[in-house]
Amino acid sequence: MIGSLNEQQQAAVTLPEGHALVLAGAGSGKTRVLTTRMAWLIQTSQVSPFGLLAVTFTNKSAREMLTRLSSLLPINTRGMWVGTFHGLCNRLLRAHHRDAGLPQTFQILDSADQLSAIKRLIKAAGIDDDKYPPRDVQRFINGSKEQGLRPEQVDAWDAHRRGLISIYEQYQAQCEREGVVDFAELLLRAYELLSRNAPIREHYQRRFQHILIDEFQDTNDLQYRWLKLLAGGGASLFAVGDDDQSIYAFRGANVGNMAAFERDYAKGNVIRLEQNYRSHGHILDSANALIAHNAARLGKNLWTEEGEGEPVRVCEQGTDLLEAQWVVDEIKSLVNDGHTRSDIAVLYRSNAQSRVIEHALFSSGLPYKVYGGLRFFERQEVKHALAYLRLITNPNDDTSWLRVVNFPARGIGARTLEQLGDAARAAGSSLYGAVDSLSGKSGLKLQAFAELLAQLTEQAHYLPLPEIIEHVVHHSGLRDFYMGEKEGEDRLENLQELVNAAAVFVGEEGMVGEPALSQAARETVDPLDMAGPPTMSPLDSFLSHASLEAGDNQARAGEDAIQLMTVHAAKGLEFDSVFMTGLEEGLFPHENSLTEQGGLEEERRLMYVAMTRARKRLYLTLAQSRMLHGQTRYAMRSRFLEEIPDAHLKWLTPKVSTMGAAMGSGMGSSWSGSGYRRGDAYNRPSTGAMSPREPRLATSGVRVGEKQFRIGQGVHHAKFGDGTIIGLSGMGNDAQAQIQFRDVGTKTLALGVAKLDIVSS
DNA sequence: AGGAACCTTATTTTT
DNA sequence: TAAGGTTCCT
């Protein structure tokens with residue numbers, strides 16, 4: 001089992017009891033180490049399968065872990081505590097819903113549900129949504145919860161913040177009333193349950209002797225505290241992660257947890273997995289060199305036994321269209337040489353960039369798949385069906401009620417619902433609970449809807465799950481509605497797919513809550529532990545499943561196609577050939593990141609992730625100009641390109657200036673260095689591929705009145721201070737410049753209007 | 001209630 | 001550019 005592991009991997013797998021941190025570089029066999037350790041612990045009888053707790057971030061990696069485990073050991077993994085933070089917390093809360101103060105059939109809101117609940121609240125409370133945009137409120141609530149803070153614990157340092165706190169409070173009350181919890185609430189509730197209820201806490205602390213965490217660099221503060229609490233009874237924490245691949249700070253992840261964990265738990269027990277089994281030498285060395293520019297690292301240097309392989313190729317084109325065309329041409333020749341299409345990925349920083357690439361691929365007839373669209377359970381028709389199902393389980397779920405009370409149309413309009421809302425508020429009840437208080441025609445219509453729900457609920461008692469859904473789709477009118485739609489076919493298909501998914505779910509997980517424990521295991525589990533009570537119906541389990549696992553985020557597998565995705569979506573994947581596109585200042589690193597604390601370093605980690613996806617060939621491409629927000633923008637080459645030693649790079653188009661993006665850390669510093677004559681470069685067509693319609697590039701710059709503006713120029717503005725021109729567009733008095741100011745970030749100014757002094761060129 | 005016209009906005013998104 | 005949201009008109 002462990003024979004085929006390298007020395008460090010073996011050391012990690014066979015660590016004795018105690019806390020440990022495994023710094024696992026990209027492609028270093030992280031998952032393998034994690035699963036092998038679990039298997040080793042079980043096989044050497046150090047722990048029963050039920051004394052293990054393994055936490056991941058995605059359902060996919062949880063599944064993979066279980067699959068690998070069953071291939072290593074002849075055990076039944078059902079009933080083991082292996083899952084996502086959210087999945088495990090859900091399990092905990094279902095088992096102890098009473099102690100957690102939740103109804104047994106509480107529903108889980110996904111992000112979209114949460115947002116609509118917030119919008120509804122803001123509207124009902126008459127709050128100014130210009131002052132409190134629902135998205136900001138959502139971020140505030142989730143941010144607070146992720147720090148473990150309830151409304152009364154949040155600092156209220158100004159009026160606006162007090163407003164946010166008040167909304168948070170009302171939102172929480174609304175959730176309680178409706179019996180729903182959001183994602184962050186799952187974690188916070190579970191944390192509070194454990195910290196407040198000593199018997200339950202001690203039970204689980206006793207039970208889990210080994211706690212393993214995957215992707216530790218992505219944990220937020222609350223997750224870390226949850227782990228510490230669970231491990232408080234003497235369990236061993238085994239955390240695996242890579243600080244260099246932390247790219248989710250914007251969602252609350254705190255890389256600092258790694259250093260904290262090393263300091264507080266794993267002191268002297270840190271193992272580095274630095275041998276990379278994925279990438280060839282030049283690629284790996286490039287990535288190493290790049291990430292070395294980050295200051296706050298735990299430190300790690302990947303190496304490979306592979307040869308140096310091919311150099312990293314760099315290609316600069318005049319426009320985004322030409323860049324896309326070049327990428328597609330290169331892909332074509334790779335495919336002609338026999339390379340598998342699905343082993344080729346095109347990556348980009350932001351989704352909007354996929355369009356030109358898709359267009360070029362489409363025109364060339366190459367099949368491709370874009371990852372990251374709507375997921376199955378997020379589709380409109382599926383959410384509608386799920387809303388009906390939720391109402392069967394809990395008619396007080398106002399979010400679901402409002403979603404389908406008039407869908408398909410039943411003549412229940414906004415006016416009626418407003419009255420219903422008022423009545424509900426007056427009575428302190430849910431919308432469903434207030435139906436009878438409305439009279440007249442609208443009252444009758446509401447009662448008819450309530451009657452429909454009652455019927456569906458009644459039938460749900462004796463039908464198996466797939467048939468419940470079929471029934472609901474039929475009798476709710478959804479089926480007829482979509483049959484009448486011109487684009488309805490796909491939607492009907494998805495509804496059928498939902499029925500199938502339920503059938504599969506019942507088959508696979510029908511026993512959820514009643515894990516088939518072996519006799520031995522049963523003895524080690526005390527009566528407190530009722531993970532998933534037997535009283536939980538298949539419908540309830542399925543609804544949890546639907547919320548916690550939104551399904552495939554990607555085009556369905558099948559045809560062998562080029563893979564398109566953002567860098568974020570590529571994390572954890574690998575490809576023979578990777579095209580990293582759009583390597584321009586402002587795009588990558590993204591301009592918004594430059595004003596954020598630690599933003600540039602996170603962008604650099606993102607670039608590191610992108611590069612380390614490639615096994616054999618890595619291409620870095622950029623365009624001098626690109627269409628962005630309906631405007632042509634001119635940008636400098638990304639500084640990341642300057643951070644990779646030339647020895648690893650092969651420029652397919654002439655590399656012109658070494659200054660271009662070399663702003664390094666001293667942004668805004670003088671760069672009037674001798675070699676900086678970007679203009680020349682632009683004037684010289686850099687490849688034969690240049691189109692005759694090549695746009696006027698920024699080289700010549702833009703003349704406004706007396707002044708000649710160019711990209712890269714240092715300028716001074718009376719109000720914004722010193723900055724550098726990073727983009728120019730338009731001509732004459734319509735000309736605009738994107739200027740990166742040292743202190744106030746990037747602004748777009750009209751050159752005809754703004755009073756700018758040229759400081760340096 | 002539905003549709004057209006208008007305005008605003010634009011990074012990434014495991015659960 | 002183009003999507004999403006709002007408002008206004010029928």
Side-chain angles (χ1 to χ4, degrees), chain A residues 55-63 83-90 108-115 119 129-130 133-135 138-139 142 145-146 181-187 190 214-215 217-220 222-223 245-253 320 347-356 359 371-375 377-378 406-416 544-551 553-554 565-573 582 586-596 599 602-603 605-607 609-610 626-633 746 748:
Chain A
V55 200
T56 63
F57 277 85
T58 65
N59 293 296
K60 196 173 149 209
S61 46
R63 271 195 304 272
T84 63
F85 277 100
H86 295 85
L88 295 172
C89 287
N90 178 48
I108 301 166
L109 302 182
D110 65 24
S111 310
D113 297 331
Q114 184 189 33
L115 187 62
K119 282 182 181 164
D129 59 355
D130 283 331
R135 293 209 161 274
Q138 185 179 31
R139 200 170 329 124
N142 291 337
K145 288 187 179 184
E146 279 159 13
V181 300
D182 56 51
F183 285 143
E185 185 71 18
L186 283 173
L187 296 171
D214 192 17
E215 306 277 16
Q217 76 281 355
D218 290 338
T219 49
N220 63 34
L222 181 57
Q223 285 160 341
Q245 292 189 70
S246 165
I247 56 173
Y248 283 108
F250 71 95
R251 281 181 110 259
D320 48 349
L347 308 185
Y348 32 81
R349 171 70 240 265
S350 61
N351 291 111
Q353 293 168 247
S354 76
R355 281 203 23 237
V356 255
H359 183 80
Y371 285 62
L374 261 197
R375 297 146 84 184
F377 286 110
E378 290 168 355
N406 196 37
F407 192 97
R410 303 189 170 85
I412 299 174
R415 206 169 55 259
T416 305
S544 293
H545 168 79
S547 302
L548 291 173
E549 185 161 4
N553 189 18
Q554 38 243 28
M565 67 194 84
T566 63
V567 183
H568 283 91
K571 190 179 156 206
L573 306 177
L587 243 201
F588 201 7
H590 196 280
E591 57 194 2
N592 293 0
S593 72
L594 299 177
T595 52
E596 288 160 18
E602 175 134 329
E603 293 289 299
R605 291 193 291 269
L606 201 48
M607 178 70 179
V609 167
R626 99 171 37 239
M627 195 61 126
L628 208 62
H629 309 332
Q631 267 196 327
T632 305
R633 280 192 34 164
T746 304
T748 301

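Residue numbering restarts at 1 for every chain, and letters A, B, ... go by the order of the sequence lines. Side-chain atoms are counted along with the backbone in the values below, which use heavy atoms only and exclude waters and symmetry mates.
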Counting heavy atoms from C-beta on, name the nucleotide in [options] closest to the side chain of [X].
| X | options | value |
| --- | --- | --- |
| A:Phe57 | B:dT15, B:dT14, B:dT13 | B:dT14 |
| A:Leu548 | B:dT11, B:dT13, B:dT15 | B:dT15 |
| A:Glu596 | B:dT11, B:dT13, B:dT15 | B:dT11 |
| A:Ser111 | B:dT15, B:dT13, B:dT14 | B:dT15 |

Once you round to the nearest 0.5 Å, how far does NZ of A:Lys60 lie from OG1 of A:Thr84?
->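 Output value for this atom pair is 15.0 Å.
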Got a donor-acceptor pair under 3.5 Å from the side chain of A:Arg251 to the base of B:dT12?
->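 No, no donor-acceptor pair under 3.5 Å.
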Has the side chain of A:His568 got a donor or acceptor atom that lies under 3.5 Å from a matching backbone atom of A:Ile247?
->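 Yes, the answer is positive, given that a donor and an acceptor are paired below the 3.5 Å cut-off.
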Among A:Val181, A:Leu187, A:Val55, which one satisfies side-chain contact (heavy atoms from CB on, under 4.5 Å) with A:Cys89?
->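 Option passing the side-chain contact (heavy atoms from CB on, under 4.5 Å) with A:Cys89: A:Leu187.
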Hey, is A:His590 stacking on B:dT11? Ring centres under 5.5 Å, planes under 30°.
->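 So A:His590 counts as stacking on the base.
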With centres under 5.5 Å and planes under 30° as the test, does A:Phe250 stack with B:dT12?
->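 So A:Phe250 counts as stacking on the base.
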Would you call A:Asp218-A:Lys571 a salt bridge at under 4.0 Å N-O?
->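 Looking at A:Asp218 and A:Lys571, the cut-off is met.
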Give a yes or no on whether a salt bridge exists between A:Glu603 and A:Arg349, defined as a side-chain N under 4.0 angstrom from a carboxylate O.
->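 Judged by the 4.0 Å cut-off on N to carboxylate O distance, A:Glu603 and A:Arg349 do form a salt bridge.
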Which is it for A:Met627 and A:Val356 under the side-chain contact (heavy atoms from CB on, under 4.5 Å) test, yes or no, and what are the steps along the way?
-> CA-CA 10 Å; A:Met627 195 61 126; A:Val356 255; over 6 Å; no
side-chain contact (heavy atoms from CB on, under 4.5 Å) between A:Arg626 and A:Thr632, worked out | CA-CA 5 Å; A:Arg626 99 171 37 239; A:Thr632 305; over 6 Å; no
Does [X] place a side-chain N or O at less than 4.0 Å from the phosphate oxygens OP1/OP2 of [N]?
| X | N | answer |
| --- | --- | --- |
| A:Asn406 | B:dA1 | yes |
| A:Asn351 | B:dT11 | no |
| A:Thr566 | B:dT13 | yes |
| A:Arg375 | B:dT15 | yes |

Roughly how many Å is it from CZ in A:Arg139 to C1' in B:dT11, rounded to a whole number?
->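 Rounding to the nearest Å, CZ of A:Arg139 and C1' of B:dT11 are 12 Å apart.
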Using atom NE2 of A:His568 as one end and atom C1' of B:dT14 as the other, report the distance to the nearest whole Å.
->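 It is 11 Å, rounded to the nearest whole Å.
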Classify every nucleotide of nucleotides 1-10 of chain C by which part a protein heavy atom approaches to under 4.0 Å, writing B for the base, S for the sugar-phosphate alone and - for neither, in 5'-to-3' order.
-> BS--------
C1'-based separation of B:dT14 from C:dA3 [nearest Å] =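 These two C1' atoms come out 25 Å apart once rounded.
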